[in-house]
Asks: 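Input: one structure, supplied below.
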Amino acid sequence: MKHNLISFWRHAIPAFALGFFVLASPAALAQQKSKNVNVSQCYACHQPIQEFHAGSAHKSVNCVACHDKLSEHLAKASARPTTNVNPAACGTCHKNQFDTAYKMNTKKVARHEKALNTGPTPDPAFTKLMLPHGFTKEHAEPRSHAFMVVDQYIADRAFGGRFKPKEEKGGWRWYGLQQGGNFAAWDILEDKHPGEPHKAFKPGYTAAANPVCMSCKSQDHILDWAYMGDPHPNATFSRASNVIDVAKAVNYAVNCFMCHDPHSAKPRVVRDALIDAITRPGGTLFHTDPHAAKINVKEMGLRGFTRKIATLDKYDMNLQCGQCHVEYNCNPGIDMDSNEAVTMADRRTNYFPFVNVFDLGKTYNALKFRDFRHAITGARLWKAQHPDVEVYYGSKHQLAGVQCNDCHMPKVKDKAGKPYTVHWVTSPKNYIKETCLVCHSDMNETQAVYTIDVLKGRYYGKLRHVEFWLTRLVDKIEEARNLGIDAALLTEAQEAHWEAHIHWEWWGAVNGAYFHNQDQSIDSMNLGMDISQKMITKLDAEMAKVRTARK
């Protein structure tokens, strides 16, 4: 299947890639021009910026549009300028994209636990299967890009309950229901325990956040972070930094410049672990993709430490969305050889496998890394993030050249008839005409939604089955250990738990897999059930022998 309009939709992609800097009024424009600096002076030191900026769609955008204190910096190089990371700066020109990016989706409520029966992993199975991981404290469904930072700060698992909405901003009334739009996190939140260490402040909370897990939510700290988060005396933050300090420096979720180079207006990626993955020799899904963009990795560190971005020759949503909608390791864990703790000093705490579910186990085995030890079985396990892009690779739509934006960021027209790309990244159910029906003209809206729901029903039914058998395996391993079965068989059972766990946890953590790649999901979950069932049968047979011998 290859439709004729894909190219049209893709070329209309988004955001901050068209037009010149236009301010609200002639008076404002005159005031801005009076502050402009001679860009050639900036180019003299910032050679990569000249390469991007000169001759680009943003060539008329002066440095002062995004940087302040430039006069001081030009007079004295060590007097660093400030950089405006607020997406509202881009919204000055690209109003339609900016406004839609912060549209409130009232159907996606705050703090909707995945452990609810309406979610992908119903209670009590999720808590039992993930003990004692921090996600058992709170594992909420995603809302929207606008809330990624705030939702991270207040989650029970992340910062121990220290951050709360300010009462003068409406407290919980604001947070849950009443306000969308662009906002700075620290305008509406406050630290209830300033000066205290990173810890849980009440029962039921945990303090599992770390600097790497902040890198998906925001790149406010992009200029103060060395490549891979490696510690460096000139870099303000690193993987091992105090996460409270990092959090206090991060205000805005999903900055525009994560996907759009602010100097050239061209597509790019900035997430260091993704750049590391796609520049490793082979072995990732990127290396097998015939539609993949060509990447050009650029060294951007003029502050005494390495900092990299990767420019793309075309928009590639598997890479751009894959900066966040991806499985990645962003936390301490266990070394498989030594059984010692892997700390944030280790680069394995900032790692993208970028492989599919069938290759994940051997990838983490080769990395010799596990996230946690299961509280009941003792198996060393892994916690998935959200492997949305990996699932999409190899699907019917992906092989046909359809990208994430074709379904989640369609091309529309504003009231004046001007076309633009919607940045309200949400379900295509919210704009069926502009997404599904562009290709599937033989359907109407009702039929398209019906088809999506059919796929969803089968998927979650299968997930319930694999979850049942995995829970049964956990119980059986506990029973077998208590009975005193042979240690070698217990180790084998723990390994089976690890393998079966992959084919459950991957599908509990992913978003939209029932549509993105149902065939792969069903095959994987069936494999997970088979692993659990075979190990249960083996344990039952061994326990029967032990009981008979003891009579």
Side-chain angles (χ1 to χ4, degrees), residues 111 113-116 119-141 151-152 154-162 197-213 243 327-336 338-344 346 348-349 351 360-361 364 367-386 466-482 490-491 493-509 528 532 535:
R111 312 196 81 157
E113 269 281 355
K114 282 193 174 185
L116 294 172
T121 45
D123 186 70
F126 179 81
T127 301
K128 184 172 187 176
L129 292 177
M130 291 303 300
L131 277 175
H133 197 277
F135 273 91
T136 60
K137 302 296 184 182
E138 182 176 1
H139 193 13
E141 294 274 15
D151 285 358
Q152 170 80 352
I154 58 85
D156 292 350
R157 74 173 187 273
F159 288 93
R162 74 185 304 139
H198 185 44
K199 66 178 184 178
F201 292 94
K202 293 180 181 180
Y205 292 82
T206 191
N210 66 69
V212 175
C213 75
V243 70
E327 154 56 19
Y328 56 87
N329 186 53
C330 60
N331 50 262
I334 305 165
D335 182 88
M336 289 175 58
S338 67
N339 272 322
E340 297 294 324
V342 173
T343 70
M344 294 304 295
D346 193 310
R348 285 178 290 179
T349 61
Y351 183 81
L360 185 88
Y364 275 119
L367 197 65
K368 300 186 181 301
F369 181 89
R370 293 289 188 272
D371 279 288
F372 70 103
R373 190 179 295 277
H374 192 264
I376 297 173
T377 70
R380 297 178 299 185
L381 302 179
W382 148 85
K383 173 69 188 81
Q385 301 307 317
H386 18 64
V466 70
E467 187 172 71
F468 167 81
W469 285 107
L470 185 59
T471 305
R472 183 73 175 148
L473 176 60
V474 168
D475 292 339
K476 195 64 66 173
I477 292 173
E478 182 179 32
E479 180 185 353
R481 180 200 283 114
N482 292 340
L490 180 61
T491 299
Q494 290 171 333
E495 185 63 19
H497 182 191
W498 148 250
E499 293 175 357
H501 171 88
I502 290 172
H503 297 284
W504 165 75
E505 165 59 8
W506 180 277
W507 304 109
S532 292
M535 195 67 238

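Everything numeric in this text was worked out from a predicted model, so none of it was measured.
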Asks: Looking at side-chain heavy atoms only, is the closest gap between F135 and F126 below 4.5 Å?
Replies: yes
Asks: Return the minimal non-hydrogen interatomic distance between W506 and L360, and the atom names on each side.
Replies: CZ3-CD1, 3.8 Å
Asks: Would you check if E478 and N482 make a side-chain contact, meaning some heavy-atom pair closer than 4.5 Å?
Replies: yes
Asks: Nearest 0.5 angstrom please: T127 OG1 to K137 NZ, how far?
Replies: 9.5 Å
Asks: Locate the shortest heavy-atom distance separating V212 from T349; write the atom from each residue and the value.
Replies: CG1-O, 3.5 Å
Asks: May I ask you to test the L470-H497 pair for a side-chain heavy-atom distance under 4.5 Å?
Replies: yes
Asks: Can you name the nearest heavy-atom pair linking I477 to A493, along with the distance?
Replies: CD1-O, 3.5 Å
Asks: Please assess R162 against K202 for the test side-chain contact (heavy atoms from CB on, under 4.5 Å), listing each intermediate value before the final yes or no.
Replies: CA-CA 9 Å; R162 74 185 304 139; K202 293 180 181 180; over 6 Å; no
Asks: Can W382 and F369 be said to form a side-chain contact (heavy atoms from CB on, under 4.5 Å), step by step?
Replies: CA-CA 9 Å; W382 148 85; F369 181 89; over 6 Å; no
Asks: Can you tell me how far apart CD (E505) and CD (Q385) are? Round to the nearest 0.5 Å.
Replies: 8.5 Å
Asks: Using side-chain heavy atoms (C-beta onward) and a distance below 4.5 Å, is P211 in contact with V243?
Replies: yes
Asks: Donor-acceptor pair, R481 side chain versus I376 backbone, under 3.5 Å?
Replies: yes
Asks: Looking at H374 and L381, would you say the former's side chain and the latter's main chain have a donor-acceptor pair under 3.5 Å?
Replies: no
Asks: Can you check whether Q494 reaches R373 side chain to side chain, under 4.5 Å on heavy atoms?
Replies: no
Asks: Calculate, to the nearest 0.5 Å, the distance between atoms OG1 and CG belonging to T343 and D335 respectively.
Replies: 11.0 Å
Asks: When you measure from the side chain of E138 to the backbone of A155, do you find a donor-acceptor pair of N or O atoms at a distance under 3.5 Å?
Replies: no
Asks: Side chains of K128 and D475: closer than 4.5 Å at any heavy-atom pair?
Replies: yes
Asks: Honestly, is R370 close enough over Y364, meaning NZ or CZ under 6.0 Å from the six-membered ring centre and within 45° of the axis?
Replies: no
Asks: Indicate yes or no: does E479 engage K476 in a salt bridge with an N to O separation below 4.0 Å.
Replies: yes
Asks: Quick one: does any side-chain atom of H198 pair with a main-chain N or O of A209 as donor and acceptor, under 3.5 Å?
Replies: yes
Asks: P332 and N210: which non-hydrogen atoms are nearest, and at how many Å?
Replies: CD-ND2, 4.2 Å
Asks: Can you see which heavy atom on M344 is nearest to which on C330, and at what distance?
Replies: CE-O, 4.4 Å
Asks: Would a distance-only check, ignoring hydrogens and angles, find a side-chain to backbone donor-acceptor pair under 3.5 Å from R348 to L367?
Replies: yes
Asks: Could you check whether any side-chain heavy atom of N331 comes within less than 4.5 Å of a side-chain heavy atom of C213, counting everything from C-beta outward?
Replies: no
Asks: Whether the side chain of E327 engages the backbone of H386 through a donor-acceptor N/O pair (distance < 3.5 Å, no angle test) should be reported.
Replies: no
Asks: Any chance you could measure S532, atom OG, to H501, atom NE2, to the nearest 0.5 Å?
Replies: 11.5 Å
Asks: Main chain of M336, side chain of R380: is a donor-acceptor contact present, judged purely on distance under 3.5 Å?
Replies: yes
Asks: How long is the straight-line distance from CG of L131 back to CZ of F372, given to the nearest 0.5 Å?
Replies: 8.5 Å
Asks: Identify the two heavy atoms, one from A509 and one from A384, that lie closest to each other, and give their separation to 0.1 Å.
Replies: CB-CB, 3.6 Å
